[in-house]
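Every heavy atom of this structure was used, including side-chain atoms; hydrogens, water molecules and symmetry mates were not.
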Amino acid sequence: IQERLQQRLGFALPLFCGLSWLPLVPRRRPLTTLVGAPLWPRGAPLDPTEEQVDEFHQLYCQALRELFDTHKASYGMAHASLDLV
């Protein structure tokens, strides 16, 4: 149906599949949120250089990987890996 509408209209319309009696309302799904230790940039300059931003970004990505690796087995994802793009 969506492909036919896209061919006819020239753009794709999203198909909703929420609750049966109200399709625009999404189905409830459990959501797990983990919060790691806070990260603070060293010195917290008001106008950081690109090198300082890159360094902090690396620290942030490493903290995300550690948080994921620490808790992945608890949520049935023991063999999963985290790919940050």
Verify side chain to side chain contact (heavy atoms under 4.5 Å, CB included) between Y75 and L34, making sure each step is shown before the conclusion. CA-CA 11 Å; Y75 298 98; L34 297 173; 3.8 Å; yes
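- Atom NE2 of H71 has more than 12 neighbouring heavy atoms from other residues, nucleotides or ligands inside a 6.0 Å radius.
- Within the 4.5 Å cutoff, no side-chain heavy atoms of K72 are placed close to those of L82.
- Interatomic distance, D83 CG to R65 CZ, rounded to the nearest 0.5 Å: 9.0 Å.
- By the rule that hydrophobic residues join a cluster once side-chain heavy atoms approach within less than 4.5 Å of another member, L67 and M77 end up as members of separate clusters.
- Taking both residues in full, the closest heavy atoms of W40 and F56 are given as C-CE1, 3.7 Å, listed atom of the first, atom of the second, then distance.
- Between the side chains of Q7 and E3, not a single donor N or O lies within less than 3.5 Å of an accepting N or O.
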Could you go through Q58 and D54, starting from their C-alpha distance and side-chain angles, then the distance that decides it, and tell me whether this counts as side chain to side chain contact (heavy atoms under 4.5 Å, CB included)? CA-CA 6 Å; Q58 290 299 320; D54 290 340; 5.7 Å; no
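- Here the shortest heavy-atom pairing between L39 and A63 reads CD1-CB, 3.9 Å.
- A distance of 11.5 Å separates CG of L59 from CG of L64, quoted to the nearest 0.5 Å.
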